[in-house]
Amino acid sequence: MPIPEFVLALRSQVGTSPLWLSGVSAVVLDADERILLTRRRDNGLWAIVSGILEPGEEPGPAALREIAEETGLDAELVRLTSVDVTEKITYPNGDVAQYLDITFLARHTGGVARVADDENLAVEWFDLTDLPDDLTTTSHLRITKALSGSAEAWFRR
């Protein structure tokens with residue numbers, strides 16, 4: 001998915017200055033308890049599915065939209081697992097952003113995993129004991145919190 005129109009409109013006003021944006025992420029598991037990861041085009045690293053909320057969009061439907069848009073899969077949300085704030089991120093084009101991220105645990109319900117957009121280079125299922133070494137730091141945190149077994153969502157106190 002290209003940069004959302006509302007972000008392009010903001011960028012036309014502020015250039016590459018830091019933007020504070022809201023985002024969603026999903027730790028997606030299949031029936032074999034494998035985790036779905038995408039290899040991001042912007043940094044070449046493996047990561048859980050994530051994306052920017054559109055203005056007025058609810059986080060749950062946004063997470064399901066991102067899963068479908070990025071991987072071609074259908075899923076159902078199990079629960080909210082964490083809320084965190086990223087460090088500032090500088091993208092290859094010079095844009096700077098920082099995100100409030102809301103992460104969900106999700107279960108695969110249909111479809112075959114594939115690269116379904118231009119944001120990713122690969123989409124694969126991984127055994128939880130064999131995650132790639134080049135997994136983003138934020139994904140490590142979100143996976144750990146999603147799979148902790150806690151019924152409560154994690155947030156910094």
Side-chain angles (χ1 to χ4, degrees), residues 1-29 35-75 77-106 108 113-126 131-148 150 152-157:
M1 205 59 197
I3 299 171
E5 288 296 321
F6 82 95
V7 174
L8 291 174
L10 288 170
R11 288 284 177 214
S12 74
Q13 300 297 311
V14 302
T16 60
S17 295
L19 287 180
W20 173 253
L21 298 168
S22 54
V24 291
S25 295
V27 175
V28 182
L29 299 177
I35 190 166
L36 182 71
L37 297 177
T38 63
R39 184 176 288 280
R40 297 177 57 101
R41 183 176 302 278
D42 61 357
N43 61 19
L45 299 175
W46 288 100
I48 60 173
V49 174
S50 63
I52 299 171
L53 280 163
E54 297 286 337
E57 188 176 25
E58 290 284 341
L64 294 174
R65 174 183 55 76
E66 289 292 342
I67 294 166
E69 285 179 359
E70 293 188 14
T71 70
L73 294 178
D74 295 321
L77 299 180
V78 175
R79 66 182 178 84
L80 175 70
T81 60
S82 62
V83 178
D84 68 280
V85 174
T86 67
E87 298 292 327
K88 285 185 182 172
I89 300 167
T90 302
Y91 292 97
N93 67 358
D95 288 351
V96 179
Q98 189 169 18
Y99 298 90
L100 169 67
D101 183 83
I102 301 166
T103 302
F104 294 91
L105 177 61
H108 169 245
R114 62 182 171 80
V115 175
D117 65 8
D118 61 356
E119 294 179 28
N120 296 299
L121 301 170
V123 174
E124 292 184 30
W125 293 102
F126 287 86
L131 296 177
D133 292 334
D134 56 346
L135 182 67
T136 63
T137 303
T138 54
S139 291
H140 274 290
L141 169 75
R142 293 170 188 160
I143 292 167
T144 299
K145 299 310 177 189
L147 302 180
S148 71
S150 174
E152 296 179 352
W154 175 88
F155 55 92
R156 290 204 197 281
R157 290 177 162 76

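Residue numbers count from 1 along this sequence. These numbers come from the heavy atoms of this one structure, side chains and all, not from hydrogens, waters or symmetry mates.
- Contact check for Leu135 versus Leu37: side-chain heavy atoms found under the 4.5 Å cut-off.
- Under the side-chain hydrogen bond (donor to acceptor under 3.5 Å, both in side chains) criterion, Asp134 pairs with Arg39, not counting sequence neighbours.
- With sequence neighbours excluded, the residues forming a side-chain hydrogen bond (donor to acceptor under 3.5 Å, both in side chains) with Glu57 are Arg65, listed by chain and number.
- Side chains of Ile102 and Phe155 form no contact here, defined as non-hydrogen atoms less than 4.5 Å apart.
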Before you tell me yes or no, could you show the steps for Asp84 and Thr86 under side-chain hydrogen bond (donor to acceptor under 3.5 Å, both in side chains), namely the whole-Å CA-CA distance, both residues' side-chain angles and the distance that decides it to 0.1 Å? CA-CA 7 Å; Asp84 68 280; Thr86 67; over 6 Å; no
inquiry  = Pair Ile48, Arg142 - check side chain to side chain contact (heavy atoms under 4.5 Å, CB included), show working.
reply    = CA-CA 8 Å; Ile48 60 173; Arg142 293 170 188 160; 3.7 Å; yes
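- At least one side-chain heavy atom of Leu131 sits under 4.5 Å from a side-chain heavy atom of Ile35.
- By the 4.5 Å heavy-atom criterion applied to side chains, Glu70 and Glu119 are counted as neighbours.
- Using a 3.5 Å distance cut-off with no hydrogens or angles, the side chains of Asp95 and Thr16 do not pair a donor with an acceptor.
- Proximity of Val96 to Tyr91: side-chain heavy atoms (C-beta onward) are nowhere separated by under 4.5 Å.
- By the 4.5 Å heavy-atom criterion applied to side chains, Glu54 and Ser22 are not counted as neighbours.
- Residues that satisfy the ring pair (Phe, Tyr, Trp, His ring centres under 6.0 Å) test with Trp154, not counting sequence neighbours, are absent from this structure.
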- Query: Please walk me through it: do Trp46 and Phe126 pass ring-ring contact (aromatic ring centres under 6.0 Å, His included)?
  - Reply: CA-CA 11 Å; Trp46 288 100; Phe126 287 86; 5.0 Å; yes
